[in-house]
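For ligands, and for the atoms within them, numbers begin at 1 and follow the listed sequence. Sequential numbering from 1 along the given sequence is applied to the chain's residues.
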Amino acid sequence: MSEIERNIAIVRERIAAAATRAGRNPEEVTLVAVTKGVGIDRVLEAIASGVTHIGENRVQEAAVKFPHLPPGIVRHMVGHLQRNKAKLALRLFDLIHSVDSLRLAEELNRRAMDAGVTMDVLIQVNVSGEPTKYGISPEEVEALVENMTSFPGLRLRGLMTIAPLGEHAEQARPYFRRLRELGERLRNKVRLEKLELSMGMTDDFEVAVEEGATIVRIGRAIFGPRE
Ligand SMILES: *Cc1c(COP(=O)(O)O)cnc(C)c1O
């Protein structure tokens, strides 16, 4: 068994254990392998080990790597998206996690309508309010959601957040809980078949799963430390 294969097995076990602790079905949690900075050979190794969801944080890197992916892999944009990359992003990705302004949502909608497609998106929320983080504030979510109901090119699927870096995973819990509460409020306002909550990374994904994550975004626990 390769190291990547072993790491994926361990991550899946940890997700399952966290879900079980919270009385959830582990199958409700989608594992996205975040492959930024990871060469295509190792990405393909992860796919050979059963990964079916890949996440990138830069459009340009994705544009280089994605042509080498086998069919059927679900492609996630997890990083900040500049408006001038919206058109390319629509072609490359299946789900954009990082809608963080009305202007970006407008641009994606316009481009999606031009292309005759509907793009699945999440709204990125800066729950912790750290000035260095992308994402709209929790107070702005409702207004953005309301605006987006008139965007036929976008299908809102849920919310995404990045918890602050802490010494202990447990410190992330209040932020994940807040995202879930925001999501539940949103669900009462707009009709979502299923509310997606994209939260949890290498250092805190078990806490995120306990708090209701439906998508976890994992890089280092699968591929090792980044350069
Ligand atoms: C890099 C990245 C991840 C994965 O981070 P790890 O700590 O390596 O698991 C998840 N989400 C986003 C938005 C990222 O940029």
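Scored by the ring pair (Phe, Tyr, Trp, His ring centres under 6.0 Å) test, F151 finds no partners at all (sequence neighbours excluded).
Using a cutoff of 4.0 Å between basic side-chain nitrogens and carboxylate oxygens, D203 and R220 are scored as salt-bridged. A salt bridge links R110 to E107: at least one charged side-chain nitrogen sits closer than 4.0 Å to a carboxylate oxygen.
Screening V207, V209, L197 against F176 for a side-chain contact (heavy atoms from CB on, under 4.5 Å) leaves a single residue, V207.
When all heavy atoms are compared, the tightest approach of V11 to F205 is O-CE1, 4.0 Å.
Sorted by chain and number, the heavy-atom contacts of ligand 1 below 4.0 Å come from V34, K36, V78, I162, M201, T202, R217, I218, G219, R220, R226.
Relative orientation of the H76 and H97 rings is perpendicular, given thresholds of 30° and 60° on the angle between their planes.
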